[in-house]
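Below: one structure, written as structure tokens.
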Amino acid sequence: MEFNNIEEIAKFIVADGKGILAADESNPTCGKRFDSIGVDSTEENRRDYREMLFRAKGMKENIGGVILFDETIRQEAVDGTLLRDVISNQGALPGIKVDKGLQPIEDCPGETVTVGLDGLDERLKEYSKMGAKFTKWRAVINIGEDIPSDKCIDANMQALADYAYCAQQNGMVPIVEPEVLMDGDHIIDDCYKATDRSLRSLFTHLQKGGVNIKGTLLKPNMVTSGKNCANQAGIEEVAKKTLECLISNVPNELPGVTFLSGGQSDILATAHLDLMNKIGGFSWKLSFSYGRALQAPALKAWRGKPENIFISQDELSHRAKMNKLASLGQWQEELEDV
Ligand code: 13P
């Protein structure tokens with residue numbers, strides 16, 4: 001696959017309803033996922049699991065890009081093929097998570113800023129040589145008493161803009177991910193406000209920082225109730241409020257919005273995406289960049305056993321297909337039963 005510029009790369013990733021498989025869990029996070037199925041998080045097990053996912057039939061046609069962790073972009077499959085080449089052979093582009101995680105912010109209890117700008121340019125140059133075509137940086141915004149603060153939002157969105165500029169200078173598409181967490185018992189309107197403030201700040205910083213919006217992808221949370229909120233908003237309210245929030249903040253020239261799933265169940269993440277695409281009224285592609293909502297059924301089916309590989313791959317292929325349909329507004333709940 002040859003591209004003339006980053007705008008073409010961004011368009012390719014979200015073309016025809018395709019989305020992104022987020023497989024960039026850090027080793028500790030991967031450990032937590034593997035704990036849930038009783039598998040040790042060794043380098044070899046992580047390789048086997050990801051090789052299995054990347055070789056699933058449903059990658060073709062449904063997945064335009066895969067986000068990798070540093071370990072995975074360097075790893076080889078059992079037969080010696082680089083895992084990043086396994087992905088390319090499926091017609092998808094390899095991408096890489098480049099932030100270095102969260103650090104507490106002074107005088108802002110409960111809040112963090114994402115770090116990793118030190119040495120970023122050198123890291124990006126190496127990843128680009130390896131064939132990475134896009135990158136990801138995740139900022140985390142917490143909802144709680146008196147938070148998020150302006151200081152937290154501003155520091156995180158400034159870092160996202162600095163990162164995005166650097167990625168583009170190195171010929172790669174930046175995915176900018178400002179994640180307002182679902183943790184907490186807040187009502188959906190609190191999520192709306194925090195998401196609205198974050199997105200407004202993000203696009204102000206991107207524009208000020210000279211980032212080419214046409215060569216950028218946005219990976220936001222949906223506007224939902226907090227995980228422990230007693231009064232959970234329904235699918236229609238989530239879809240409408242998310243769209244309203246995006247439409248008032250996201251420039252028309254952005255090629256794609258690819259949601260994170262953030263702890264939503266796999267079916268709900270698909271249902272919300274589908275309804276938003278059925279409602280319409282926006283110019284960007286509205287697609288997915290799910291981690292848990294794409295992988296959960298495959299992980300559960302696998303349980304670290306080679307004899308479960310095919311059924312596990314079928315689970316991933318099914319979720320990838322369902323989410324592609326949702327990105328086209330063509331999903332129906334009955335399709336889940338087959
Ligand atoms: P989830 O879809 O599991 O939230 O993961 C997406 C991701 O990449 C988080 O950074």
Side-chain angles (χ1 to χ4, degrees), residues 13-14 19-37 46 49-50 53 62-73 87 92-102 112-116 132 134-143 156 159-160 163-164 173-184 191 195 198 202 217-224 226-227 238 242 256-273 286-300 315-316 319-320 322-324 326-327:
I13 294 171
V14 290
I20 298 170
L21 168 63
D24 59 322
E25 299 84 5
S26 64
N27 290 349
T29 303
C30 202
K32 274 192 238 158
R33 306 273 187 269
F34 280 13
D35 277 350
S36 73
I37 53 162
R46 290 191 293 271
Y49 173 64
R50 283 162 171 155
L53 296 181
N62 303 315
I63 300 295
V66 180
I67 317 175
L68 301 171
F69 188 61
D70 181 77
E71 175 183 278
T72 321
I73 200 168
I87 292 167
L93 302 179
I96 182 81
K97 166 204 174 81
V98 299
D99 68 68
K100 293 275 189 188
L102 315 177
T112 57
V113 63
T114 302
V115 294
F134 68 101
T135 59
K136 180 192 107 169
W137 178 290
R138 172 174 176 255
V140 173
I141 306 295
N142 253 302
I143 297 180
N156 274 296
L160 271 169
Y163 136 77
V173 168
I175 297 185
V176 288
E177 178 179 12
E179 176 173 8
V180 177
L181 293 181
M182 284 175 79
D183 296 352
C191 180
T195 307
S198 302
L202 173 63
L217 294 170
L218 171 67
K219 174 163 175 166
N221 53 285
M222 295 184 195
V223 174
T224 65
K227 224 185 278 174
V238 168
T242 303
V257 173
T258 58
F259 289 108
L260 59 95
S261 59
Q264 297 179 42
S265 76
D266 47 353
I267 306 280
L268 262 186
T270 304
H272 289 146
L273 178 62
L286 199 64
S287 174
F288 57 94
S289 174
Y290 295 157
R292 283 161 287 180
L294 272 172
Q295 294 182 42
L299 181 72
K300 218 168 125 198
E315 293 285 5
L316 177 75
R319 287 263 52 83
M322 292 298 103
N323 284 305
K324 177 188 182 156
S327 298

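One-based numbering, in listed order, for ligands and for the atoms of each.
Set against the non-hydrogen atoms of R138, the atoms of ligand 1 under 4.0 Å away are 10 (O). Under a 4.0 Å criterion applied to the non-hydrogen atoms of Y290, ligand 1 contributes the atoms 2 (O). Close approach of ligand 1 to E177 (heavy-atom distance below 4.0 Å) involves ligand atoms 7 (C), 9 (C), 10 (O). Under a 4.0 Å criterion applied to the non-hydrogen atoms of G291, ligand 1 contributes the atoms 1 (P), 2 (O), 3 (O), 5 (O), 6 (C). Each of the following atoms of ligand 1 lies closer than 4.0 Å to a heavy atom of G262: 1 (P), 2 (O), 4 (O).
Between R33 and D35 there is no salt bridge, since no side-chain N of the basic residue sits under 4.0 Å from a carboxylate O of the acidic one. Between D183 and K227, at least one side-chain N (NZ, or NE/NH1/NH2) sits under 4.0 Å from a carboxylate O, which counts as a salt bridge. Classification of K97 and E177 as a salt-bridged pair fails, no side-chain N sitting under 4.0 Å from a carboxylate O.
The OG atom of S289 sits 5.0 Å away from the CD1 atom of I175 when rounded to the nearest 0.5 Å.
The shortest heavy-atom distance from A293 to ligand 1 is not under 4.0 Å. For K219, the heavy-atom gap to ligand 1 drops under 4.0 angstrom. Residue contacts with ligand 1: K97 is excluded, as none of its non-hydrogen atoms falls under 4.0 Å.
Under 4.0 Å from ligand 1, the heavy atoms of D24 that appear belong solely to its side chain. At a 4.0 Å heavy-atom cut-off, ligand 1 touches R292 through backbone and side chain alike.
Among all non-hydrogen protein atoms, the one lying nearest atom 2 (O) of ligand 1 is S261 OG, 2.5 Å.
Looking at ligand 1, you'll find an N or O of K136 within less than 3.5 Å of one of its N or O atoms.
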Query - Stepwise side chain to side chain donor-acceptor pair (under 3.5 Å) check, E315 with Q295 - result: CA-CA 8 Å; E315 293 285 5; Q295 294 182 42; over 6 Å; no

Query raised in the report: Should I96 and F69 be marked as a side-chain contact (heavy atoms from CB on, under 4.5 Å) after you check the CA-CA gap, both sets of side-chain angles, and the distance that decides it?
Result: CA-CA 6 Å; I96 182 81; F69 188 61; 5.9 Å; no

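Within the 3.5 Å criterion, the main-chain N or O of T135 finds a donor-acceptor partner in the side chain of Y163.
Proximity of R138 to N156: side-chain heavy atoms (C-beta onward) are nowhere separated by under 4.5 Å.
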